[in-house]
Amino acid sequence: MDVSHILDSLNEPQRNAVASPANNLLVLAGAGSGKTRVLVHRIAWLLQAEQASPFSILAVTFTNKAAREMRGRIESLLDQSFNGMWVGTFHGLAHRLLRSHWREAGLVQDFQILDSDDQFRLIKRINRSMQIDEDKWPAKQCQWYINSQKDEGLRAANIEHFDDGYTKTMLDIYRAYEEACNRGGMVDFGEILLRAHELWLHNPQILAHYQKRFRHILVDEFQDTNAIQYAWLRVLAGTDNQLMVVGDDDQSIYGWRGARIENIQQFNIDFPGAEILRLEQNYRSTAIILQAANKLIANNQGRLGKTLWTEDGEGETISLYEAFNEQDEARFIVDRLQDWFGAGNRRSDSAILYRSNAQSRELEDALLRVGMPYRIYGGHRFYERLEIKNALSYLRLLVNRDDDTAVERIINVPTRGIGGRTLELVRSLARSENCSLWQACVRSVNESHLTARAANAVLAFLELIDALDTACDGLQLHEKTEHIIANSGLVQHHEKEGGEKARARIENLEELVTAASNFDDVTIYAENLEQTQAETAAEFEPDSKAFLAAFLDQAALDAGDTQAQESEDAVQLMTLHSAKGLEFELVFMAGMEEGLFPHKMSMNNISGLEEERRLCYVGITRAKKKLYFSHAESRRLHGDVNLCRPSRFIREIPDELVDEIRLKTTISHIPSRPDRNSRGLGRRIGGRIEVPETELSLGQRVAHGKFGEGVILNYEGQGPNARVQVNFDAAGSKWLVLSYAKLQVLA
Ligand code: ATP
Ligand code: MG
């Protein structure tokens with residue numbers, strides 16, 4: 001049989017890996033060196049050259065998307081489909097086992113899967129029934145505890161509390177949670193892995209069956225496996241089967257979720273005599289991008305170490321843009337994307353990567369403004385996120401109490417003791433009286449339709465909204481937003497949850513305040529356009545209800561704007577974590593600032609910082625041809641403007657690889673000057689040009705006849721339409737039509 005085509009498109013070390021006669025194999029290699037490619041070709045090789053049965057192959061990767069791609073690539077390499085082959089994620093494969101062997105796994109046949117939200121709610125219920133103080137032992141923290149134990153393969157019965165108060169309480173909750181799950185026939189994500197592992201341990205005949213079946217086990221992204229995943233693999237591989245793992249210690253980015261780089265060393269101990277192969281040629285990136293990545297990661301200690309080179313040319317230097325603020329940053333990126341797309345490239349070959357989900361809003365706004373399709377991976381668009389919708393619902397009730405959707409959403413968020421039964425009563429009252437939910441709430445309290453406790457809870461809700469409304473009266477839009485977020489209990493609600501996700505939610509809420517302050521600006525500018533008489537910006541009332549309503553409309557429109565279709569050519573937006581394993585011609589890494597990236601929660605301890613640096617390495621190595629870094633001198637967070645320092649990661653890359661772009665954006669308001677030879681010229685030269693010909697730039701100090709002195713923050717449009725946003729020392733921020741504003745440039 002001719003199998004040469006499987007090896008043809010590989011380099012020598014890759015070929016050695018693919019056709020290796022070794023039983024166990026560790027391919028340890030840097031980004032873009034063809035690890036995933038080797039894995040795919042190895043499977044094709046086993047099927048074709050070694051006549052392995054598809055049934056004997058088990059391949060594990062990190063995401064369902066990667067698994068689908070892997071199967072597709074094998075099938076197209078060999079031009080046939082292989083149904084018996086198991087290709088999937090750890091969770092997917094373990095789940096499949098449990099469905100087949102539910103009885104032996106100690107489950108009921110129709111066991112249910114609890115997703116993370118379900119799990120959280122269950123723990124909450126348990127804590128309540130155990131009368132555990134939610135403030136002292138937030139359910140989110142208990143959930144985190146339980147999941148980390150499961151990731152380590154530990155059940156409550158295996159854990160010793162050594163009289164430690166914290167562990168004792170956590171164990172009580174863990175035990176009660178296990179009982180509840182067993183009673184209800186439910187398994188959470190961690191449980192799926194743990195049960196699948198126990199299935200091996202408790203059922204030697206089942207284990208023997210699968211050991212006999214899966215002669216070939218192959219694992220991608222091995223550096224991100226956790227303890228229980230590794231144990232499951234090790235047992236399945238036993239002593240006779242072939243285990244191939246590929247990974248990169250420099251790309252381990254899930255330490256916070258229990259992943260253990262040590263598994264790489266452990267593999268060498270558990271599988272003595274395993275062949276260790278290194279791939280050193282990178283096929284993805286230009287020499288400059290690769291060198292930047294290598295230099296950066298060299299700052300981490302205790303690496304396994306590797307060299308990575310490319311035959312590819314130097315390529316373009318990395319461009320670094322120091323933006324004036326986050327809007328300037330987004331505008332810069334979108335401008336570059338438009339150039340790129342205009343030059344005939346596909347949008348989907350470009351990606352904007354960022355550290356925190358909250359950063360996407362400014363980028364989304366800029367993309368929407370120019371109508372460029374984009375797609376966000378691994379996360380909702382800003383205005384569709386749960387926490388944002390909740391906060392907006394509070395604001396909506398200030399505008400209109402009869403907004404039933406808003407009432408439904410927040411009547412018991414955060415929880416205030418309004419249960420399903422009460423809500424059902426209110427709903428049916430609204431139906432029978434043909435009134436809004438809000439009115440039904442009022443009536444049910446006044447007319448004693450409810451138990452005293454329920455009535456109190458509903459009354460508390462009504463009073464809260466009224467109190468918020470009163471307090472917000474006369475506040476500016478962003479102040480209203482800030483007040484609502486702080487006093488609705490939403491922040492505390494998420495703080496109690498704890499953990500990475502909750503932190504992201506709070507960041508998003510803070511970002512909403514920023515969105516609201518920017519909205520002041522946008523509207524004023526729109527109004528300015530109508531009234532070209534200008535200077536009347538001060539007449540607008542950002543403290544009015546109409547203004548709030550306009551903001552809510554805008555948010556609803558933004559959310560309703562459906563994402564680019566799967567098939568549509570769209571710019572890719574995602575966090576650095578979701579970018580793992582992917583590659584793009586053009587990559588932007590936005591928000592390269594201390595505190596944002598490295599993230600402030602991780603930058604103060606070595607291991608946290610090193611994980612951030614690996615994340616940066618992952619980001620850089622996604623780029624094939626061109627990489628941009630950007631950071632902003634100031635960034636508005638939580639409505640406040642913060643001065644930002646560039647990320648240390650930028651400094652860790654040698655200067656000669658990076659070109660600083662200093663647009664120092666100048667704003668030209670000179671009406672698009674006709675060609676000197678054109679006929680228009682005479683007319684213009686004949687009359688006096690009203691507009692002074694000074695060029696302004698972001699950050700410049702200026703004076704205005706009415707508003708006094710201030711600093712230029714932002715601009716929109718060119719020529720006669722140019723508008724600038726000035727932050728006046730006394731009058732605050734205003735958008736002004738430049739040609740009318742008669743700004744005087746100060747030194
Ligand atoms: P990561 O660490 O980011 O997951 P990786 O090591 O898995 O990267 P691959 O994604 O397999 O790398 O390969 C990177 C790119 O290089 C892919 O586009 C792949 O097709 C290409 N490539 C790998 N090896 C070769 C080769 N020998 N010849 C041509 N192209 C190759
Ligand atoms: Mg890969």
Side-chain angles (χ1 to χ4, degrees), residues 4-19 25-45 59-74 76-77 87 89 218-225 244-254 259 261 264 277-287 289-290 292-294 296-297 303-304 306-313 315 348-349 351 353 572 574 576-587 589 614-625 627:
S4 56
H5 70 289
I6 298 174
L7 300 179
D8 278 351
S9 59
L10 300 172
N11 65 29
E12 200 187 327
Q14 290 175 334
R15 271 201 295 276
N16 292 340
V18 166
L25 211 54
L26 164 64
V27 178
L28 189 62
S33 58
K35 295 182 297 298
T36 304
R37 188 176 175 113
V38 160
L39 200 90
V40 164
H41 284 243
R42 169 92 174 165
I43 293 173
W45 173 266
V60 191
T61 141
F62 210 72
T63 60
N64 289 313
K65 183 168 184 272
R68 272 197 306 278
E69 251 168 47
M70 187 176 284
R71 183 185 290 275
R73 284 214 252 162
I74 299 162
S76 74
L77 209 55
V87 184
T89 61
L218 305 97
V219 188
D220 199 0
E221 307 278 5
F222 181 65
Q223 76 280 355
D224 277 323
T225 51
M244 178 199 210
V245 301
V246 311
D248 178 3
D249 57 312
D250 290 331
Q251 294 187 71
S252 164
I253 53 175
Y254 282 97
I261 309 193
I264 295 181
L277 287 162
R278 297 193 177 250
L279 308 174
E280 302 192 331
Q281 182 169 0
N282 172 295
Y283 286 90
R284 181 180 292 149
S285 310
T286 64
I289 291 171
L290 193 60
N294 287 342
L296 173 93
I297 200 65
R303 302 169 54 223
L304 299 176
K306 57 177 80 86
T307 25
L308 210 51
W309 56 274
T310 174
E311 272 177 0
D312 206 16
S348 53
D349 282 333
L353 311 180
Q572 318 279 299
M574 67 194 83
L576 288 153
H577 278 101
S578 336
K580 195 161 91 140
L582 306 178
E583 55 188 26
F584 308 92
E585 300 286 322
L586 170 66
V587 169
M589 290 172 69
R614 289 193 293 271
L615 194 54
C616 188
Y617 176 81
V618 168
I620 294 173
T621 54
R622 296 313 94 198
K624 293 162 100 172
K625 291 277 174 302
L627 177 63

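Ligands are counted one by one from 1 in listed order, and the atoms in each one are counted from 1 as well. None of these values were measured; they are calculated from a predicted model. What you see below is based on every heavy atom in this structure, not just the backbone, and it leaves out hydrogens, waters and symmetry mates.
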Any idea which part of Gln281 is under 4.0 Å from ligand 1, heavy-atom wise: side chain, backbone, both or neither?
neither
Is the shortest N/O to N/O distance between Arg284 and ligand 1 below 3.5 Å?
yes
Protein heavy atom at shortest distance from atom 12 (O) of ligand 1
Gly34 N, 3.1 Å
What protein heavy atom sits nearest atom 7 (O) of ligand 1, and how far off is it?
Thr36 OG1, 2.8 Å
Where does Leu10 meet ligand 1, judged by heavy-atom distances below 4.0 Å: at the side chain, the backbone, both, or neither?
backbone
Any nitrogen or oxygen of Ala31, main chain or side chain, under 3.5 Å from a nitrogen or oxygen of ligand 1?
no
Looking at atom 23 (C) of ligand 1, what's its closest protein heavy atom, distance included?
Arg37 CD, 3.3 Å
At under 4.0 Å between heavy atoms, which part of Lys580 makes contact with ligand 1: side chain, backbone, both or neither?
neither
Side-chain (Arg284) to main-chain (Thr621) donor-acceptor, under 3.5 angstrom
yes
Nearest-contact summary for atom 29 (C) of ligand 1 - protein heavy atom, Å:
Tyr283 CD2, 3.7 Å
Going by heavy atoms in the side chains, are His41 and Gln14 under 4.5 Å from each other?
no
Considering only non-hydrogen protein atoms, determine which one is nearest to atom 15 (C) of ligand 1 and report residue, atom name and distance to 0.1 Å.
Glu583 OE1, 3.3 Å
With distance as the sole test, does Asn294 use its side chain to make a donor-acceptor pair with the main-chain N or O of Leu308 at under 3.5 Å?
yes
Side chains of Asp224 and Ile253, heavy atoms from C-beta outward: is any pair under 4.5 Å?
yes
Does the side chain of Glu221 reach to within under 4.5 Å of the side chain of Tyr254, using non-hydrogen atoms?
no
The one among Lys35, Gln223, Glu221 that brings a heavy atom closest to atom 6 (O) of ligand 1
Lys35
Look at Asp349 together with Lys625 and state whether they make a salt bridge at an N to O cut-off of under 4.0 Å.
no
With distance as the sole test, does Ser252 use its side chain to make a donor-acceptor pair with the main-chain N or O of Asp249 at under 3.5 Å?
no
Ser285 side chain vs Ala623 backbone, donor-acceptor pair below 3.5 Å:
yes
Does an N or O anywhere in Gly32 fall below 3.5 Å from an N or O of ligand 1?
yes
Among Gln223, Lys35, Lys306, Arg614, which residue meets the side chain to side chain donor-acceptor pair (under 3.5 Å) test with Asp248?
Lys306
Proximal atoms of ligand 1 relative to Asn11 (non-hydrogen, under 4.0 Å)
27 (N)
Any non-hydrogen atom of Asp248 lying under 4.0 Å from ligand 1?
no
For ligand 1, which is the ligand I care about here, please tell me if Ser9 has any N or O atom under 3.5 Å from one of the ligand's N or O atoms.
yes
Donor-acceptor check, side chain of Arg622 to backbone of Leu576, threshold 3.5 angstrom: yes or no?
no
Which protein non-hydrogen atom lies closest to atom 4 (O) of ligand 1, naming both residue and atom, and how far is it?
Gly581 CA, 3.8 Å
Tested for side chain to side chain contact (heavy atoms under 4.5 Å, CB included) against Val40, the lone hit among Leu218, Ile74, Asp220 is Ile74
Residue and atom name of the nearest protein heavy atom (relative to atom 27 (N) of ligand 1), distance in Å to one decimal:
Gln14 OE1, 2.8 Å
